[in-house]
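Following: one structure in structure tokens, then a few remarks.
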Amino acid sequence: MDVSDGACVARRMARRSAFEAAIRSGATVVFPADTVYGLACDPSSAAAVQRMYALKGRAPDKPAAVMFFSVDAAAGVLDALGPRTAAAAHALLPGAVTLLVGDADRRFPLAGGDGVLGLRVPDLPELAGVSLPVLQTSANLAGGPEALRLADVPESIRAGAGLVLDGGELGEGGVAVPSTVIALTRYEDAGAWSIVRAGAVSSAVVAAALADGPERT
């Protein structure tokens, strides 16, 4: 490892440590995800969730996804799924998808999914060592354009966040593309799935990963 490699590793470790410390403190974090800039907070803290929703101007009854930063870190959620759904999740993760899965145990009640959990595991090397789950949403005002650069994140959100991480410009060609949202709530019993929101991962790629289950509309 040369000096530049060592500096890169040290930088990543410092960012991961700062990210985890901010989440543990109850702060909201602005961070570069694998699609657009996001907001993150502690999914178990009502005060932190309220603060994040207030910064975004998001309706309090609108659910948000829980994000893990590695498949191993998400094992507790994945192991609670049926074997067929868990296999589907492993085929799609990590990646720029949000999976809607059953959450009968209400493991993350503040996510607001009413028995359905939005699950994200991005392919995000910069934060891959983070062990904490976060509640996350895009770093824009509700209904506003999503941010591909830190400068695109509204000043009110940046000023209200406890930590702001700059990841440069995201995406390709200056077009913001969110994660693909895939419903797997009927996959275990019926093998049925659907794309709720088109996004970064194409329907063809999803279909190939879920080849044993027909898409439903």
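- Residues P63 and D114 form no side-chain contact, since every pair of their non-hydrogen atoms from C-beta on lies 4.5 Å or further apart.
- By the 4.5 Å heavy-atom criterion applied to side chains, V116 and D103 are not counted as neighbours.
- Put simply, the side chain of V101 does not reach to within 4.5 Å of the side chain of T185, judged on heavy atoms.
- In this structure, F19 is not a member of the same hydrophobic cluster as V121, with clusters built from ILVMFWY side-chain heavy atoms closer than 4.5 Å.
- The shortest distance between side-chain heavy atoms of V30 and L163 does not fall below 4.5 Å.
- Of all heavy-atom pairs between V164 and A161, the closest is CG2-CB, 4.1 Å.
- With values rounded to the nearest 0.5 angstrom, R120 atom CZ is found 9.0 Å from L93 atom CG.
- With hydrogens and angles left out, the side-chain atoms of D166 and Y37 include a donor and acceptor closer than 3.5 Å.
- For the residue pair A22 and S25, the shortest heavy atom distance occurs at O-OG, 2.7 Å.
- Taking each heavy atom of V36 and L148 in turn, the nearest pair found is CG1-CD2, 4.1 Å.
- Between G162 and A27, the shortest heavy-atom contact is CA-CB, 3.9 Å.
- Panel note: side chain Y53, backbone A48; no donor-acceptor pair is recorded below 3.5 Å.
- Checked by atom type and distance alone, the side chain of R106 pairs as donor or acceptor with a backbone atom of P109 at under 3.5 Å.
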Practice prompt. Apply the test side-chain contact (heavy atoms from CB on, under 4.5 Å) to residues S45 and Q50: give CA-CA distance (whole Å), side-chain angles for both, the deciding distance (0.1 Å), then the verdict.
Written response: CA-CA 9 Å; S45 169; Q50 183 178 27; over 6 Å; no
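- Residues V177 and T35 have side chains not in contact (no heavy-atom distance under 4.5 Å, counting atoms from C-beta outward).
- Between the side chain of T180 and the main chain of G199, a donor-acceptor pair closer than 3.5 Å is present.
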Item to complete: Show your working on side-chain contact (heavy atoms from CB on, under 4.5 Å) between V49 and C41 and close with a plain yes or no.
Response: CA-CA 6 Å; V49 173; C41 73; 3.9 Å; yes
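- A 4.5 Å side-chain heavy-atom check between P43 and L110 finds every atom pair outside the cut-off.
- Atom CG of L81 is separated from atom CG of L78 by 6.0 Å, given to the nearest 0.5 angstrom.
- For the residue pair R107 and A80, the shortest heavy atom distance occurs at NH2-CB, 3.8 Å.
- In this structure a side-chain-to-backbone donor-acceptor pair under 3.5 Å is missing from R51 to T28.
- No donor-acceptor pair closer than 3.5 Å links the side chain of D79 to the backbone N or O of G76.
- At a threshold of 4.5 Å between side-chain heavy atoms, the hydrophobic network of Ile, Leu, Val, Met, Phe, Trp and Tyr places V71 and V97 in one connected group.
- A 4.5 Å side-chain heavy-atom check between V77 and F68 finds at least one atom pair inside the cut-off.
- Interatomic distance, CG of L100 versus CD1 of I195, reported as 11.5 Å (0.5 Å rounding).
- Note: L210 CG to R84 CZ = 10.0 Å, rounded to the nearest 0.5 Å.
- D42 and S44 are linked by a side-chain donor-acceptor pair at a separation below 3.5 angstrom, with hydrogens and angles left out of the test.
- For the pair M67 and P122, the minimum side-chain heavy-atom distance is below 4.5 Å.
- Panel note: side chain T98, backbone V181; no donor-acceptor pair is recorded below 3.5 Å.
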Item to complete: Could you give me the CA-CA distance, side-chain angles and deciding distance for V66 and L117, then say whether side-chain contact (heavy atoms from CB on, under 4.5 Å) is met?
Response: CA-CA 8 Å; V66 174; L117 177 68; 3.7 Å; yes
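- Across all non-hydrogen atoms, the minimal contact from A96 to A200 is CB-CB, 3.7 Å.
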Item to complete: Just do the side-chain contact (heavy atoms from CB on, under 4.5 Å) check on F108 and L135 with the steps written out, would you?
Response: CA-CA 9 Å; F108 296 100; L135 193 67; over 6 Å; no
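- Interatomic distance, CG of D152 versus CZ of R149, reported as 4.0 Å (0.5 Å rounding).
- Within the model, atoms CG of L92 and CG of L184 stand 7.0 Å from one another, a figure rounded to the nearest 0.5 Å.
- Sorted by first and then second residue, the pairs that involve residues 126-138 and meet side-chain hydrogen bond (donor to acceptor under 3.5 Å, both in side chains), not counting sequence neighbours, are R11-E126, R12-E126, R15-E126, E20-S131, K56-S138, R58-T137, S138-N140.
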